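To start, the structure under review is shown below, and the notes come after it.
FYI, side chains are in, hydrogens and waters are out, and symmetry mates aren't considered; it's all heavy atoms of this structure. Lettering of chains follows the sequences in order, A, B, ..., and the numbering in each one begins at 1. On a predicted model such as this, the values are computed, not experimentally measured, just so you know.
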Protein chains: 2
Amino acid sequence: MLTDRQLLILQVIVNEFIHSAQPVGSRSLSKKEEISFSSATIRNEMSDLEELGFIEKTHTSSGRIPSDKGYRYYVDHLLSPQKLNKQDVHRVKSIYAEQIYELEKIVQNSAKILSELTNYTAIALGPAVRENKLKKIQIIPLNKQAAVAIIVTDSGYVQNRMFQLPETADASDLEKLANILNDRLIGVSIESLNDRIYKEVAVLLRQHIKNYDFMLHSIADTLLIPTHEKLFFGGKANMLNQPEFHDFEKIRSLMTMIEQEDSIYELVRENRSGINIKIGRENNNSAMDNCSLITATYSIGTEQLGSISILGPTRMEYSRVISLLDYISNDLTTVLTKLYQSE
Amino acid sequence: MLTDRQLLILQVIVNEFIHSAQPVGSRSLSKKEEISFSSATIRNEMSDLEELGFIEKTHTSSGRIPSDKGYRYYVDHLLSPQKLNKQDVHRVKSIYAEQIYELEKIVQNSAKILSELTNYTAIALGPAVRENKLKKIQIIPLNKQAAVAIIVTDSGYVQNRMFQLPETADASDLEKLANILNDRLIGVSIESLNDRIYKEVAVLLRQHIKNYDFMLHSIADTLLIPTHEKLFFGGKANMLNQPEFHDFEKIRSLMTMIEQEDSIYELVRENRSGINIKIGRENNNSAMDNCSLITATYSIGTEQLGSISILGPTRMEYSRVISLLDYISNDLTTVLTKLYQSE
DNA sequence: TGTTAGCACTCTTGAATAGCGAGTGCTAAT
DNA sequence: ATTAGCACTCGCTATTCAAGAGTGCTAACA
């Protein structure tokens, strides 16, 4: 196990590197207030810490930087929680300042504010309606060829999707369709709508509507949920301000990765509630080797809805980011619960 | 005026630079097939072209690169239109391959495909509903505190917006509200909805609904249109692959600018129908000094709806991009008109 | 035995220098 | 009017050099 002195040194190294982005050497460490022993002692300790894998050198005679393992230890054991200052809290509260009631907009806004507060990139994973139950479905005809289906779920999420009509459809057909759907699908989880339509609704459609086949596929397609929830970003360009990304190849691979929603989704689909931290290679994505991802989940009541994450360099201000994310996600949960929980 | 030989040289310089991104010198020019005179002659001509402002040097003894003015002349007079090849056409058609009927998704998809085809950044300005007429408005109650208003415009655009309810509101109030709105607002342009509500609807609300004041503001706020139409992007990271943006400051200022929707909107809100080309400083935005923006508009019927643009380096493949944009925007107009034009 | 001072050594960084290659402008010959 | 020839310029790359920061090791010290 590490001695107290080693822990202290590790902690100071990480803190220092987080703020300077420069390898930290024994001499500059020895000048720190909290450190009362000589640079030679520090060198010995650092040598041990390196052997244990907590810190590394960038070249033979450089100062040390924390390794992924070092950050991991720091995050797990050495982190002192930071209280948000008033400006931060005020800023977070401004998420709800405008009168917004759209769930997605609130989430999107959170990502924006969070990225501004941290100067890192924020990623919000939109509300998962997958397991929501259908509360209401309404059909509005648009013209001869198309109509809109409006879906309301039990957690108050509303979506409208357009679908095509068979040539022969008339107003009464649509009304019948709406009635059948409402009759059969209310209370059904969104993810199984498609299935249910083919299994239960099909029969009824056939009885009541001519050309039911076209209508069937059309409405079933429409109610298919997308493969993943929406992603919202804030501060995509912020990483350009981090010194570690002055390396052109690094910034390119990161930016290219961020553009591919699939890979981001892969990173962010984290289910454990609370705060999750992935450091550097723990993300299993070479473009993320120099990045850490901190994720917090938000819910309505007890039902976990989505997450909000900060993507920053491994050298990120863990303490601040964790505090912010924790605060925002709790806040978000409270607000959303109040706004949307069905009585 | 320029001599034929000068035009030829200008054209070859631009073509060459577009493909190599390297300043082009007299000797390499003289080796080109289409050029039958010596490098010394070319040097003289280039000297004249430089004096006229069409080309410039990067340093005293470098080859020449086109100036903004040079590109402008090239675009206006020297461009040979390029026919799309089969793969391109096929790719463009794939925009509509999936059965999508959401206007916004089609536009978004166009931006994505276009960015992939060009390797530049695509920006689509979403449909302007501003001048659309309200065709139908529907209110769906969600819970005690909130309801959704679904707005359908005459061009088939559907949107849902949530709004808050007064404590006292009951189902019959909402029904009344919906009736009043439908009675009074159908045919009214979306941009003047808010106004009309305060001027006409207010009186009626007062007569029929208790606590009408809260309801009035709530629904009026909800129907206020956003300050600008939605923007969709494709290939934001593509510019990282352009050699001119290996300069860190350039890429940072560009990326930061792209993140600010307001400035993009400013660039893209171009009303003339057809193809619009802005080269380098013509964009009046220092982050765009090394970029050109080519914009094409799309419509439903004769009503101009939005635009789709390509943002690339000034050294962009104008001919190809123009052909693509022209094709896509026409296609888009045709498809949308067929899908959405109200009969 | 743990701590520290001292020292030789390593490596990065930035500045200075030189040679190469591509390109220009000018002049004189065609 | 065109072109060959030539001196000159500038960017690019490689090399060298010194300064500075840091390390590891050894020997002395409390």
Between A/I35 (CD1) and C/dT4 (P), how many Å, whole number?
12 Å

Tell me which residues in residues 241-253 of chain B put a heavy atom below 4.0 Å from DNA chain D, sorted by number, or none.
none

Salt bridge (Lys or Arg N to Asp or Glu O under 4.0 Å) contacts in which one or both residues fall within residues 65-84 of chain B, not counting sequence neighbours:
B/D68-B/R281, B/R72-B/D76, B/R72-B/E282

Distance-only donor-acceptor test, A/R43 side-chain atoms vs C/dG6 base atoms, 3.5 Å
yes

With a 3.5 Å cut-off and heavy atoms only, can you find an N or O donor on one side and an acceptor on the other between the side chain of B/S61 and the base of D/dT9?
yes

Using OP1 and OP2 only, check whether a side-chain N or O of A/R64 sits under 4.0 Å from D/dT23.
yes

Would you say a side-chain N or O of B/S62 is under 4.0 Å from OP1 or OP2 of D/dC10?
no

Find the distance B/D48:CG to D/dA1:P and express it as a whole number of Å.
12 Å

Would you kindly give the CG-to-C1' distance between A/N44 and C/dG6, to the nearest whole Å?
14 Å

When you measure from the side chain of A/F37, which nucleotide among D/dG5, C/dT4, D/dA4 comes out closest?
C/dT4

Hey, are B/S30 and B/S39 close enough side-chain-wise for a donor-acceptor pair under 3.5 Å?
no

Close approaches to DNA chain C from residues 18-27 of chain B, in residue order (heavy atom, under 4.0 Å):
B/G25, B/S26

